[in-house]
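Okay, structure first, notes after.
Please read these numbers as outputs of a predicted model, since none were measured by experiment. Just follow the structure's listing: the first ligand is 1, and inside any ligand the first atom is 1.
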Amino acid sequence: MFDIVSEIKKLKKEKDLSILAHYYEDGAIQDIADYVGDSFYLSKMGQQTPTKNILLAGVVFMAESVKILNPEKTVLVPDMNASCSLVKGAPYQKYLDWRLAHADAVCVTYINSSAEVKSISDAIITSSNAAEIVSAIPADRRILFGPDQHLGRWLSKKLNREFILWPGACEVHVLFNAKKLFQLTQQHPDAVVIAHPECDESVLQYATVIGSTSRLLDEVTNNKTTKKFIVATETGIFHQMKKNRPDAELIQAPVLDEACACNDCPYMKMNSLEKIHQALLTFKPEVKLDENLRLKAFISLDRMMKITSGQKVTWPEKFTAPL
Ligand code: 13P
Ligand code: SF4
């Protein structure tokens with residue numbers, strides 16, 4: 001009988017390929033992956049995995065980041081339509097105009113962005129390393145931060161540093177509802193509220209722990225002072241949380257419309273075992289980037305890699321329009 005999981009495992013070996021999966025993927029996908037993690041971890045594993053080929057089970061900007069850092073590797077995705085509302089909300093030309101209007105500022109861009117937008121940015125960040133990267137920028141430099149305004153606002157307050165914010169948002173995290181969350185905390189006073197910084201600040205005000213997906217998983221895994229967590233992020237993360245803390249009660253943070261599956265990222269959930277199997281058979285869809293674009297986007301991503309590995313970097317004084 002055809003067993004898709006065994007087939008995928010067999011093809012992975014035959015084709016010298018590793019599967020990197022994000023925490024928001026379905027549990028079955030996370031379970032067949034060689035590496036599961038947040039967006040920064042997946043970028044690092046793309047560099048460290050010894051295989052020649054990679055399938056990124058996540059969204060396309062994550063696979064593009066792996067390709068930008070590893071041009072010699074073939075990088076596959078299960079579905080090329082797996083975008084992100086932050087990518088869609090930051091088109092290249094508008095982002096360029098914004099940059100040019102603040103040419104003296106350092107442009108810090110969330111990894112949830114297109115390769116084109118990365119190519120006109122000074123540094124890429126993820127929610128797990130954003131504070132470290134921004135702290136490496138000289139205090140007298142102005143900072144442009146995009147495309148996630150909520151992550152930017154949270155970070156700006158945390159670091160006590162003014163940002164000029166791009167008005168983008170994650171369509172999943174903005175749906176968590178502050179009023180209903182407050183009511184839930186009243187019903188469960190023993191629960192620790194944990195939230196991803198892509199949530200609106202009205203929601204974040206109730207969170208004890210705010211951080212990347214891996215930070216939130218770490219909290220559930222290691223905080224033994226409670227057995228109850230209210231979780232304000234995408235549902236896929238529950239898979240690892242339940243594995244790591246089978247004794248804990250995990251409560252999904254509320255959205256306004258109880259009937260909708262709004263806590264599911266529609267892009268992450270485009271992926272399936274069937275599409276992964278197909279991609280391994282055909283070696284398609286493959287992420288391909290123009291080499292000129294890749295080299296430009298590499299600069300900002302590489303600054304992230306350098307700073308997070310303790311290396312010193314320099315910052316351009318002024319941005320000029322690309323030729
Ligand atoms: P993490 O870097 O925390 O995994 O977040 C990625 C993301 O897309 C959250 O919506
Ligand atoms: Fe983008 Fe939001 Fe989906 Fe993350 S959860 S990939 S930010 S739409």
Assess whether atom NZ of K243 is packed by more than 12 heavy atoms of other residues, nucleotides or ligands within 6.0 Å. yes
Are W166 and F145, when compared by the centres of their aromatic rings, separated by less than 6.0 Å? no
Electrostatic pair D148:R153 at N-O distance under 4.0 angstrom: no
Ligand 1 N/O to protein N/O, distances under 3.5 Å:
unit_1, atom_1, unit_2, atom_2, d
ligand 1, 2 (O), S39, N, 3.4
ligand 1, 2 (O), S39, OG, 2.5
ligand 1, 3 (O), S127, OG, 3.2
ligand 1, 3 (O), H196, NE2, 2.9
ligand 1, 3 (O), T213, N, 2.9
ligand 1, 3 (O), T213, OG1, 3.3
ligand 1, 4 (O), H22, NE2, 2.6
ligand 1, 4 (O), S39, N, 3.2
ligand 1, 4 (O), T213, OG1, 2.8
ligand 1, 5 (O), H196, NE2, 3.3
ligand 1, 8 (O), N112, ND2, 3.1
ligand 1, 10 (O), E198, OE1, 2.8
ligand 1, 10 (O), E198, OE2, 3.2

Among T235, T233, D38, T213, which residue meets the side-chain hydrogen bond (donor to acceptor under 3.5 Å, both in side chains) test with Y24? T233
Using a strict 4.0 Å cut-off to heavy atoms of E198, name the atoms of ligand 2 that fall inside it. 2 (Fe), 7 (S)
Ring centre gap for F176 and H196 strictly below 6.0 Å: no
Indicate yes or no: does K52 engage D16 in a salt bridge with an N to O separation below 4.0 Å. no
Heavy-atom pair of closest approach, residues D104 and R141: O-NH2, 2.9 Å
So, are K269 and E234 salt-bridged, with charged N and O less than 4.0 Å apart? yes
Taking NZ, NE, NH1 and NH2 as the nitrogens, is one of them in E291 or R294 under 4.0 Å from a carboxylate oxygen of the other? yes
Pull up every protein N/O/S atom sitting under 2.8 Å from atom 3 (Fe) of ligand 2, skipping waters. C265 SG
Does the pair D190/K228 count as a salt bridge with the N-to-O cut at 4.0 Å? yes
